[in-house]
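We name chains A, B, ... by the order of the sequence lines, and we start the count at 1 in each one.
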Protein chains: 2
Amino acid sequence: MEIRVLRTFVTVAQLKGFSAAARALNTVQPAVSRQISDIEEELGVRLFWRSTRDVRITAAGETLLREALEILAHEERARKLVQRAGSGQIGRLRIGFISSACQAFLPGLVRAFTRDFPDVQVTLTEMNADAQAEALAAGQLDIALSRALPPRGAADVESLEIYVDRLMAFVPDDHPLAARQTLQIGDLAPVPFVLFQRSGASGLFDQIVSACRDAGFSIDIAHQSNSMQAVLSGVASGLGVSIAPGCIRQLNMAGCKSLPLLEDAGPVPFVLHHRADQVEPPTRAFIDLAIESRADIREKMKLSE
Amino acid sequence: MEIRVLRTFVTVAQLKGFSAAARALNTVQPAVSRQISDIEEELGVRLFWRSTRDVRITAAGETLLREALEILAHEERARKLVQRAGSGQIGRLRIGFISSACQAFLPGLVRAFTRDFPDVQVTLTEMNADAQAEALAAGQLDIALSRALPPRGAADVESLEIYVDRLMAFVPDDHPLAARQTLQIGDLAPVPFVLFQRSGASGLFDQIVSACRDAGFSIDIAHQSNSMQAVLSGVASGLGVSIAPGCIRQLNMAGCKSLPLLEDAGPVPFVLHHRADQVEPPTRAFIDLAIESRADIREKMKLSE
DNA sequence: CGGCACCTATACGAATTTGCTATCAATTAT
DNA sequence: ATAATTGATAGCAAATTCGTATAGGTGCCG
């Protein structure tokens, strides 16, 4: 009972004739005749009463007709479902992101994606860069968004730079430095720092520490927080100054002023990671969308500087 | 998307390997490989991630797997349904019968049939012989049970004699003839008759009239009724005597005595008619059962004489 | 680190299946 | 009566499918 035979059978039943069915199926009558008699033999059941003049379906044939119509419809439905799954229109997309991504570009990107792929189940999970790498390797994540560089030597992970941020200084409103237009990193030497904890964003942490060392002083970390939001809150509270990627200005923390650093103190890339192998279509679609949107994102991040 | 390919696909998905699937399907690995890559190309969708070491299904593959399992189950169900229909285990059986059949053998036959074919929808319709012939020709009836001879020249109808009854006399209990052990038809010459109407059972009617003429008198039909029951009722009421097939004694009408006729006044065959062409399996099964049971029926009808 | 075992992909000839042409037999319409 | 239409059958050609052989890659184990 192959699909092709069922289709032939249904056509014969509906057109009530072998020749008519053959015409409709773009084939010839003996082929139809053979397919029907083959399936009759296979099932051991007579499906049509034939006379030289007309064809009438048997009761067993009626039964098969009902079933065959359902099977054919089911096949059609399966085909469409699978093609939608294959083109990424249905499925799931598990994104891990660091919170800064929310201030940067993630909401817009996700909104654009769900507009084009409304039936894909998108899961957004905030997690630090290290946790992302782990989840990605374990196959629990499709997309990881962090400032981390591509982890070398790990599983086959491809990385795509979304945009490059730069480090900026954050000082309390009422701090003397807040009156300046620009700063050099060295200007921050005597001031205590508020910084995030190293664990989870070790790359960025080390980059900032290095920048200070390059500027000739050892950073004085007076307070540590577990989120950028908390860091800015600490700065606004006058606990100290901070250095952080420019994009977090968009948190618009009151009592906290951002100042460009004259040195280009190391680029801070924002990177999209995904496994190189076994990229499911929705993931592929999201990556493609990210590539498309990259120029816009960069433009937007520049404008907000 | 042929059934065979779906079956291969499901096996690959379940055994997580092309070679393993090939072994399970009693074929070789390249055949499996080709079938999968063919359907992938046909759908334009990747179904498996292959490496040289293991095979993992894609999200689209998972989708197809669910659908394919349903389609295969449906195909299996369709096959069984059709085979049941083809062997007569499901379907319908429309029987037309004259009321005497109820007194004779029909209930037992139908009971035996429904025991063997419990899922066949049996329709029993009481109708006179002429109506039966019409309905049979119109395809509204599968089996016709009457005393009529095979209608000559009509559509292709095959007839099967179930048993042969003989005519008997029925006289009121208090009638002088009721004291006799046997009668000759001629004994009934001076007596008024109660008889059924000719329309609908013309064959039997004419047979009785002829028997009387052969016995040398013209039958005096004083009353006509539209059923055997009514005829016997008339006899019991003393309206007259009657001649009828012996089996209707089983109505056990009080006040009415049956007497054998010395002459073998024409055999009264009870016949099963069915269309010679396009015999649906349940009909075939019933006919076969009738043939099997014929000896028993004849025995039973003899015993009750 | 190299050989071995196991996996999938590909190539190609063989076997099977399927389709097509021609023809027959039966029935109906003209 | 003849032409036309329909389904069955046979024989041949085309297409498909299968099986063998082989290549290429990866993990395992000594």
In chain order, what residues pass the side chain to side chain contact (heavy atoms under 4.5 Å, CB included) check against [X], with sequence neighbours excluded?
X: A/Arg66; answer: A/Glu62, A/Thr63
X: A/Arg77; answer: A/His74, A/Leu81, B/Glu67, B/Glu70
X: B/Gln121; answer: B/Arg92
X: A/Asp277; answer: A/Asp156, A/Arg275

Please figure out whether B/Arg34 or B/Val28 has its closest DNA chain D nucleotide nearer the 5' end.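 Its nearest nucleotide lies further toward 5', so the answer is B/Arg34.
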Holding to side chain to side chain donor-acceptor pair (under 3.5 Å), I want the full list of residues that pass it with [X], two or more places apart in sequence or in another chain.
X: A/Glu75; result: A/Arg79
X: B/Gln278; result: A/Arg56
X: A/Arg34; result: none

Length of the CG-P vector between B/Asn26 and C/dT16, whole Å: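 One finds 16 Å between P of C/dT16 and CG of B/Asn26, rounded.
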For residues 5-18 of chain B, which side-chain donor-acceptor pairs fall under 3.5 Å, sequence neighbours excluded?
from: B/Thr8; atom 1: OG1; to: B/Arg4; atom 2: O; distance (Å): 3.1
from: B/Thr8; atom 1: OG1; to: B/Gln35; atom 2: OE1; distance (Å): 2.6
from: B/Thr11; atom 1: OG1; to: B/Arg7; atom 2: O; distance (Å): 2.8

Using ring-ring contact (aromatic ring centres under 6.0 Å, His included) as the criterion, list what pairs up with A/Phe113, not counting sequence neighbours.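 Per chain and number, A/Phe113 pairs via ring-ring contact (aromatic ring centres under 6.0 Å, His included) with A/Phe117, A/Phe286.
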What parts of residues 36-45 of chain B reach DNA chain C, counting only heavy atoms under 4.0 Å away?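 Close to the strand, none.
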Atom pairs, N/O to N/O, protein against nucleotides 5-8 of chain C, distance under 3.5 Å?
from: C/dC6; atom 1: O2; to: B/Arg53; atom 2: NH1; distance (Å): 3.1
from: C/dC7; atom 1: O4'; to: B/Thr52; atom 2: O; distance (Å): 3.3
from: C/dT8; atom 1: OP1; to: B/Phe18; atom 2: N; distance (Å): 2.6
from: C/dT8; atom 1: OP2; to: B/Phe18; atom 2: N; distance (Å): 3.4
from: C/dT8; atom 1: OP2; to: B/Ser19; atom 2: N; distance (Å): 2.8
from: C/dT8; atom 1: OP2; to: B/Ser19; atom 2: OG; distance (Å): 2.6

Leading and trailing nucleotides of DNA chain D with any atom under 4.0 Å from heavy atoms of chain A: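 Contacts span D/dT5 to D/dT9, reading 5' to 3'.
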Count the heavy atoms belonging to other residues, nucleotides or ligands that lie under 6.0 Å from CD of B/Glu134, then report whether that count exceeds 12.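 For B/Glu134, atom CD is not crowded (no more than 12 foreign heavy atoms under 6.0 Å).
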